[in-house]
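One structure below.
Bear in mind that the values here come from a model prediction, so they are computed numbers and not experimental data. We use all heavy atoms of the structure for the numbers below, so side chains are in, but hydrogens, waters and symmetry mates are not.
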Amino acid sequence: MEDIIVELGKIKSLKEVVDNKFEKYGERVAFLDKDGTSNYKEITYKNLKEKINALGTVLLEKFNLKDKKIAVIGENSYRWYISYMATICGVGVIVPLDRELPANEILNLVKRADVRCIIYSSRKEELIDEIRENLDKDTIYINMNTLDHGINFFSFDKLLLEGKDMISNGTTSYLNVKVDKEEFRILLFTSGTMSTSKGVMLSHKNLIANTKACYKLVPQVGSFTFISILPMHHTYEFSLTYVYATFMGAKVGICQGLKYISKNIKELKPDILVVVPAIIEKINQKIEKSIDELGKKKTIKLAQDITSTLSKIGIDLRRVVFKKIQENFGGNLKYLLSGAAPLDKDLIKKMESYGFIFMQGYGTTETSPLISATTLNNRVAGTVGKSVYGVEVRIDLSQNEDENSNVGEIIVKGDNVMIGYYEDEKNTKEVLKKGWFYTGDLGYFDLRGNLVITGRSKNVIVTSNGKNIYPEEIENEVNKIKLVKESMVYGAKKNRQEVIVTARVTLDREYIDKNRISNKEIYNIIWAEIKRINKNMVSYKAIKKLEIKEDEFEKTTTLKIKRNDELKKSRGNK
């Protein structure tokens, strides 16, 4: 392991990874992508390197985009990856955009970043046409999926051919670029409205630091197949799946979309899955549904108890006993890596009882993203483990008014920490202080030194007598109610003094219909369960009000509820 860490220490940029590691991996398959067809297309590392160099040469020489901002938007694909890598490895600054954003927000971000070129998939063609007239007339548009150049756009594949010809004819400007690891090369906008989203500036050093951390967590992945499910514009997905996998010479199978997860997993037979809690919860629901349909709930429970007990004394039969469940995930799945939001510890234990190794991570866009994670030897459910390689974590108690509480703001130091916020000195100074990044997340260390996240500082409900309530803690309990699909706990102001702890829930209609629960019964059943939850909590945390929401919560692309948007809607309805 130390040999790889030493090697990583010598590598200063991702351009060195492309030039040296991709050359070494040669004909090994880097990507499996259906690319609009019914069968997976194989992209080798040799081919990947050629395409990155070809696109980089065109962007630099044909379009003169040296040090300019280049946006990429679209569904996950190997072309998306090539666009990202070609840009940061010798051209300019990449600006990955959330493909789910509406046209007006995309336009705003493109203008804020002063983007000079947009690389987009055909599915985003209508959106690009909608914003085009409001952008500079010299903006360059590249369509990832067309075979030929159009009137007002260029074909991605045709440009690759042009770049390849340029290199064959002796153009080496892109090939010879020296990349400064400290330079600003990645601009990531955090989720939020047009006015509140911040532009996070990252460098090659940041992503290389994250790769070192990943290697320390799961070292032997060179022969593994990853499956990419989460959107590539998120640093969580791009760093943990794409950057780490390609550094190690692993294979990345690209999922066609959320509705194809089960199908693609069976086809790709992955070894490792990087996910968010919402996906784990859906996977668990499918497992439980199949067990119920087979009428084997008691048998499975007994098998779980026996195999879990045996595993504690070194006899691990879980993958053998639960082979059928394993086969639903391709049969090779070893690791489930979850991040972006807390996951209920009972669910972690349940998934591990089927033979999966479950690891929980914690990070932020500003930290590239990893801060801490559980490991193969330290998987304490309910925690996010200890700080990862090269990262220092502390708890700042200076703002904690409760002298008896060990909960404080999580602060971080390391090569993974961002350069700052784009054109936003005020917010940068608020979060970067004396080399420490102030995350805005709250937590504490348990007796073993593991980090426990209690919530976001901005989400904390403060009662009239100064008590702090962390809504995420209560939501974990409310979400266990069988009629509830999701919940959001917040403090509703009854008057200037009193705060009412309120649970807003969406309904699991499938469960309700299956059990023939009438609409009149729903509220009473949920409220009875909430009263049971209240009995197990200190009195000031008790939920006093229940709101049933008929439509879905608004969410980010990592499936986290947009709390501010939900609360604004409430205020607007009053």
Test: K545 and E547 ion pair at under 4.0 Å: yes

Stacked cation flag K34 on Y260, 6.0 angstrom / 45 deg: no

Starting from the C-alpha separation in whole Å, work towards a yes-or-no answer on side-chain contact (heavy atoms from CB on, under 4.5 Å) for D292 and K297. CA-CA 6 Å; D292 284 344; K297 198 166 185 176; 3.6 Å; yes

Whether the R563 and Y490 side chains hold a donor-acceptor pair (N or O, under 3.5 Å, no angle test) is what I'd like checked. no

If I take atom OG from residue S372 and atom CG from residue L217, how far apart are they, to the nearest 0.5 angstrom? 9.5 Å

Assess, by modelled atom type and distance only, whether the side chains of E237 and S228 contain a donor and an acceptor separated by less than 3.5 Å. yes

Note: K555-E486 ion pair, threshold 4.0 Å (strictly below): yes

Side-chain ion pair, E521 and R516, N-O less than 4.0 Å: no

No-hydrogen, no-angle side-chain donor-acceptor test under 3.5 Å, Y511 and Q285: no

R448 and T383, any side-chain heavy atoms less than 4.5 Å apart: no

Spacing of CD belonging to Q360 relative to CG belonging to L337, to within rounding of 0.5 Å: 9.5 Å

Would a 4.5 Å heavy-atom cut-off, applied to side chains only, mark F322 and F356 as touching? no

Would the distance check show the side chain of N479 and the main-chain N or O of S487 forming a donor-acceptor pair, the cut-off being under 3.5 Å? yes

Might you work through the salt bridge (charged side-chain N to carboxylate O under 4.0 Å, His left out) test for R394 and E392, ending with a clear yes or no? CA-CA 7 Å; R394 291 182 185 172; E392 189 177 351; 3.1 Å; yes

Report yes or no: does R99 contribute a side-chain atom to a donor-acceptor pair with the main-chain N or O of R123 at less than 3.5 Å? no

Show, in sequence, the C-alpha distance, side-chain angles and deciding distance for N519 and I522, and conclude whether the side-chain contact (heavy atoms from CB on, under 4.5 Å) test is met. CA-CA 5 Å; N519 288 334; I522 292 170; 3.5 Å; yes

For the pair E352 and K349, find out whether any cationic side-chain nitrogen is under 4.0 Å from an anionic carboxylate oxygen. no

Contact check, side chains of N450 and F445, non-hydrogen atoms, under 4.5 Å: no

If we count only N and O atoms by modelled type, under 3.5 Å, do the side chains of Q304 and S308 hold a donor and an acceptor together? no

Enter the distance from I525:CD1 to N515:CG here, rounded to the nearest 0.5 Å. 9.0 Å

With heavy-atom distances below 4.5 Å as the criterion, would you say the side chains of I357 and R379 are in contact? yes

Given side chains that start at C-beta, do those of F31 and Y40 come closer than 4.5 Å, heavy atoms only? no

To the nearest 0.5 Å, atom CG of D508 lies from atom CG of D513 at 9.0 Å

For the residue pair F329 and I287, establish whether any side-chain heavy-atom pair is separated by less than 4.5 Å. yes

In Å, rounded to the nearest 0.5 Å, how long is the span from CG of N534 to CZ of R532? 10.0 Å

Salt bridge check, E366 against K198: does any charged N sit closer than 4.0 Å to a carboxylate O? no

Salt bridge between D346 and K350, side-chain N to carboxylate O under 4.0 Å? no

Would you say the side chain of N332 lies within less than 4.5 Å of the side chain of T225, judging by non-hydrogen atoms? no

Inspect the contact between K482 and E529 and indicate whether a charged nitrogen and a carboxylate oxygen are less than 4.0 angstrom apart. no

Can you find a side-chain donor-acceptor pair between D396 and S398 that sits under 3.5 Å? yes

I'd like to check I265 versus L273 (side-chain heavy atoms, cut-off strictly below 4.5 Å). Are they in contact? yes

